[in-house]
Trainee: 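One structure, pasted below without further comment.
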Protein chains: 2
Amino acid sequence: MNFSIKDVARTAGVSVATVSRVLNNSDKVTEETRWKVLRAVETLGYVPNYSAKSLRTNFSRGIGLVISHDVDYFITFPYFSEFIRGMGQTLSGTDYHLVMVMSTDSRDDISSHLRAFERKVVGGVVLFDVMDNDKRIPVLKKYKVPFVVVGRPSLDEDYLYVDSDNVKGGMIATEHLFKIGCKRVLFINGPKGHSASRYRLNGYLKAHKKFGVQVDKKLIIYVKSDSDMKNGYEIVKSSIGQIKFDGIFVSGDFMATGAIKALKDSGIRVGRDIPVVGFDDVPIASMVSPTLTTVKQPIKDIGKAAASTLVDVMNGRNATSKVFDVSLVIRQSTSREG
Amino acid sequence: MNFSIKDVARTAGVSVATVSRVLNNSDKVTEETRWKVLRAVETLGYVPNYSAKSLRTNFSRGIGLVISHDVDYFITFPYFSEFIRGMGQTLSGTDYHLVMVMSTDSRDDISSHLRAFERKVVGGVVLFDVMDNDKRIPVLKKYKVPFVVVGRPSLDEDYLYVDSDNVKGGMIATEHLFKIGCKRVLFINGPKGHSASRYRLNGYLKAHKKFGVQVDKKLIIYVKSDSDMKNGYEIVKSSIGQIKFDGIFVSGDFMATGAIKALKDSGIRVGRDIPVVGFDDVPIASMVSPTLTTVKQPIKDIGKAAASTLVDVMNGRNATSKVFDVSLVIRQSTSREG
DNA sequence: TTGTACGCGTTATCAA
DNA sequence: TTGATAACGCGTACAA
């Protein structure tokens with residue numbers, strides 16, 4: 001039931017070399033032989049064996065996404081899902097496929113990436129969840145593994161990346177809160193050391209400068225591990241009474257949902273008393289109540305760009321890094337009417 | 001930088017056959033030669049080439065998950081994310097890897113699965129999002145593609161599946177609503193034809209029988225396409241005033257979130273006026289307000305079982321289908337105090 | 001323009 | 001217990 005290139009050759013009455021040439025539309029073949037071959041492929045339902053292809057060409061069409069065991073809950077974040085969806089849309093209809101490697105290594109260990117590449121399970125990798133000066137990058141370079149980074153973890157940007165404009169994001173979120181009268185904006189940022197956290201903080205500070213507001217470092221809080229809803233809930237819960245604030249900027253909608261719940265549970269009116277701005281604009285943002293004002297990132301587009309950039313690199317085409325614009329989506333959580 | 005088995009053999013002073021034997025701990029080898037080989041592997045940092053392995057053995061360690069282009073948003077559902085996470089946890093530390101194939105075919109087209117299998121990109125597939133009497137199943141059987149089904153789409157269960165007890169789920173959800181005084185429970189079910197929808201309806205009907213409540217077919221609504229939050233919102237919105245109901249059972253937390261929002265937007269108090277029960281118990285269920293009473297499915301466990309079952313099948317071991325228990329998690333959305 | 005023949009890295013068969 | 005070697009399906013250098 002599984003035909004090989006030989007069967008096609010025999011059926012078409014040509015040599016395997018010719019079949020190969022037609023299938024990889026290389027070299028010259030007459031229209032007639034091309035037609036004969038394609039007809040044979042069709043009748044047999046021939047499907048090329050990618051293992052053989054990969055072995056022969058030393059090239060794999062697997063797009064690697066390595067996920068460390070200890071942070072596998074990352075998969076469940078709406079941001080990540082949407083990102084993968086974007087990659088999928090780019091890869092759809094191509095011969096490339098997404099390979100998720102679940103490693104037992106810790107998140108900053110590159111060996112799983114390397115192994116997957118050497119095994120030819122993947123032909124390149126997407127590096128996400130990157131830290132400042134991520135140590136994995138130089139290693140990938142050293143071993144010549146094609147890769148693309150989601151985010152910008154270092155200043156000497158000597159690698160390909162796709163990112164959204166986090167500085168602008170942090171800025172417009174904070175600005176919006178200032179504009180509606182906030183003076184002391186609590187900033188629940190992502191984990192310290194994460195590149196996105198740094199850029200967003202930058203934007204937050206910029207907005208302060210622009211509006212002539214003094215920065216109070218006590219208002220800047222980093223979540224310990226990765227951002228999730230519980231963090232948002234607990235941080236706000238414990239901040240109430242401890243720190244004075246009249247607005248909240250949360251680095252992630254999921255967390256913001258938790259923050260809002262904490263306010264509500266404390267009898268504080270979201271919007272009227274304390275406005276809240278999130279980040280990402282994932283689907284739940286428009287379904288929670290109050291609906292969430294947030295910084296919209298084109299996550300799907302970032303995923304698409306990551307995939308196409310990586311494929312380009314894998315094929316030796318030159319590609320360029322991209323930074324995507326963000327925008328503020330104003331909803332109920334910053335409405336003073338609420 | 002990429003060593004082959006030959007290099008290992010040369011370094012260890014043995015033949016490639018011996019190296020292969022050691023690496024696949026087949027056959028007999030003396031402790032001494034085994035040690036020599038392993039040492040050589042270690043020093044060279046040898047990593048086997050899976051393409052070659054796959055070519056030779058006609059076996060692929062890719063666990064296939066085919067996603068149709070037209071329903072790719074499925075990826076973003078919390079249920080799916082958690083499911084993948086479960087699979088990942090089982091696969092972590094093994095040589096198997098998850099392969100997501102984005103197809104351009106429609107969802108009931110099996111050809112992408114077949115192609116991925118014939119290409120040896122995957123060695124088996126997970127079939128999810130199945131319909132009653134899914135036509136893909138007999139085809140997979142015919143072509144001897146190892147597979148496992150998530151759900152139970154047909155009565156002659158002549159295939160391996162993992163599922164949760166949807167009948168019980170539908171039953172305990174409805175029962176709970178009856179117990180707190182509801183008489184007319186609006187049931188927003190998944191799409192018609194989906195196997196899970198059928199089982200949950202079954203449970204819904206059973207509860208009616210048990211409590212001696214007449215079933216009003218007008219109260220049973222199927223979402224058109226796949227369940228999402230908007231469906232929940234719009235269905236409830238348009239039902240208010242049209243149909244009399246005093247409780248809602250929604251087949252999915254995401255949709256339930258939409259349903260709750262619709263009630264709130266209409267000035268109806270969730271819980272006190274109209275209690276709502278969801279399904280799944282995804283993370284947002286405990287973060288929305290009111291928090292959501294829901295049927296908890298062990299989604300991650302289902303994912304784990306799907307992966308391990310498929311690996312068993314791929315290796316010719318015999319495996320058994322599994323049905324996972326569900327339970328009711330009572331929260332605020334069914335509290336009369338709310 | 002087309003065909004022959006080799007080799008990619010691995011496993012399995014057969015001899016030794 | 002170990003080694004030599006054929007074969008898996010494919011692409012390509014070289015020959016025709």
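Just so we're on the same page: letters track the sequence lines, and every chain starts at 1.
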Trainee: List the protein contact pattern of nucleotides 6-13 of chain D with one symbol per nucleotide (5' to 3'): B for base contact, S for sugar-phosphate-only contact, - for none; contact means a heavy-atom distance under 4.0 Å.
Mentor: BBBBBBB-

Trainee: Please list, chain by chain and in numerical order, all residues satisfying salt bridge (charged side-chain N to carboxylate O under 4.0 Å, His left out) with B/R115, sequence neighbours excluded.
Mentor: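 B/R115 satisfies salt bridge (charged side-chain N to carboxylate O under 4.0 Å, His left out) with B/D105 once adjacent residues are dropped.
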
Trainee: State, to the nearest 10°, the angle formed by the axis through the first five base pairs of the helix from C/dT1-D/dA16 to C/dA16-D/dT1 and the axis through its last five.
Mentor: 40°

Trainee: For A/D7, what residues pass the side chain to side chain contact (heavy atoms under 4.5 Å, CB included) criterion, not counting sequence neighbours?
Mentor: A/F3, A/S4, A/R10, A/L44

Trainee: Taking salt bridge (charged side-chain N to carboxylate O under 4.0 Å, His left out) as the test, write out the residues that go with A/R56, two or more places apart.
Mentor: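 With sequence neighbours excluded, A/R56 shows a salt bridge (charged side-chain N to carboxylate O under 4.0 Å, His left out) to no residue whatsoever.
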
Trainee: Could you check whether B/T33 gets within reach of a base, just the sugar-phosphate, or nothing at all, counting any heavy atom under 4.0 Å?
Mentor: sugar-phosphate

Trainee: Within this structure, what is the CZ-to-C1' distance between B/R10 and D/dA4, rounded to whole angstrom?
Mentor: 16 Å

Trainee: Could B/R119 and A/D95 be called an ion pair, given the rule that one side-chain N must be under 4.0 Å from one carboxylate O?
Mentor: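 Judged by the 4.0 Å cut-off on N to carboxylate O distance, B/R119 and A/D95 do form a salt bridge.
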
Trainee: If we ignore angles and hydrogens, is there a donor and acceptor under 3.5 Å between the side chains of A/T18 and A/T33?
Mentor: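 No pair is found: no donor N or O on one side chain lies under 3.5 Å from an acceptor on the other.
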
Trainee: Holding to side chain to side chain contact (heavy atoms under 4.5 Å, CB included), I want the full list of residues that pass it with A/S54, two or more places apart in sequence or in another chain.
Mentor: A/S60, A/K120, B/S51

Trainee: Of the options B/D72, B/D129, B/D134, B/D70, which is the one that meets B/R107 in a salt bridge (Lys or Arg N to Asp or Glu O under 4.0 Å)?
Mentor: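 Among B/D72, B/D129, B/D134, B/D70, the one meeting salt bridge (Lys or Arg N to Asp or Glu O under 4.0 Å) with B/R107 is B/D129.
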
Trainee: Atom CG of B/L44 and atom C1' of C/dG9: how far apart are they, to the nearest Å?
Mentor: 15 Å

Trainee: Would you mind reading off the distance between B/E31 atom CD and D/dT2 atom C1', rounded to a whole angstrom?
Mentor: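 So the CD-C1' distance, B/E31 to D/dT2, works out to 15 Å.
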
Trainee: May I ask you to say whether B/R85 pairs ionically with B/E82, meaning some side-chain N is under 4.0 Å from a carboxylate O?
Mentor: yes

